[in-house]
Amino acid sequence: EAGVAQSPRYKIIEKRQSVAFWCNPISGHATLYWYQQILGQGPKLLIQFQNNGVVDDSQLPKDRFSAERLKGVDSTLKIQPAKLEDSAVYLCASSLQGEKLFFGSGTQLSVL
Amino acid sequence: KNEVEQSPQNLTAQEGEFITINCSYSVGISALHWLQQHPGGGIVSLFMLSSGKKKHGRLIATINIQEKHSSLHITASHPRDSAVYICAVTGNQFYFGTGTSLTVIP
């Protein structure tokens, strides 16, 4: 079974630039999550999709972060404009509803 | 105060030792997850629990819903078990602990 695919694996940008991350969940998984993990901390949920609808985006900084899952399959997370404090690993995970989570390998973002 | 507290934060063990990592939470949950994160690597889900006990190989996870507490046990620990172990709970929201960094020395 193919896992959760994320790209790019690494990204380095300057502050105020824009960046986008892509995630392709496991086939058939209706629930998709984006997490932010700052070094030394546990992951923080940014947004949860159920198919193409948003279930929870309460911790998403909506002034600069946006995410979409237009066809209920793959998803993109965008930051515009990036700040230094956005440097983190961005993790995507998927699950069948209420079931075990499967994580991608993450995108490590460095904002200079 | 964090909704999910883990202990210890750091743990060093000799190969072969029995290891316990604890997780306490303060919110109502529908499930608790134990996750494993290797240095520089992604996260792997080890267990999802809503009651009782689960076992997979040398790993055992237990949960006490009344006490809002879960433990992850590793029997006959091995250096390849060295990783960060993260407890997460799902209820109205997802809450994560800050992780326990485990180092197993040969």
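Residue numbering restarts at 1 for every chain, and letters A, B, ... go by the order of the sequence lines.
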### Query
chain B heavy atoms under 4.5 Å from A/Gln6: which part of the residue, side chain, backbone, both or neither?
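Looking at A/Gln6, nothing touches chain B.
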Can you confirm whether more than 12 heavy atoms, excluding those of [X], are under 6.0 Å from its [atom1] atom?
X	atom1	answer
B/Lys68	NZ	yes
B/Glu15	CD	yes
A/Leu39	CG	no
A/Lys62	NZ	yes
A/Ile12	CD1	no

### Atom pair OH/OG1 of A/Tyr33 and B/Thr90 - distance to nearest 0.5 Å
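The distance works out to 7.0 Å.
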### Message
Quick check for you: to the nearest 0.5 Å, what is the distance between A/Leu45 atom CG and B/Phe96 atom CZ?
### Response
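Between A/Leu45 CG and B/Phe96 CZ, I get 7.0 Å after rounding to 0.5 Å.
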Do [X] and [Y] come close enough that some side-chain heavy atom pair is under 4.5 Å?
X	Y	answer
A/Gln37	B/Ile86	yes
A/Leu101	B/His33	yes
A/Phe103	B/Leu35	yes

### Message
Need one label for B/Leu46: side chain, backbone, both or neither, based on atoms under 4.5 Å from any heavy atom in chain A.
### Response
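The backbone, not the side chain.
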### Query
Transitively linked via ILVMFWY side-chain contacts under 4.5 Å: A/Ile38 with A/Leu91?
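As far as the 4.5 Å side-chain criterion goes, A/Leu91 and A/Ile38 are not connected within one cluster.
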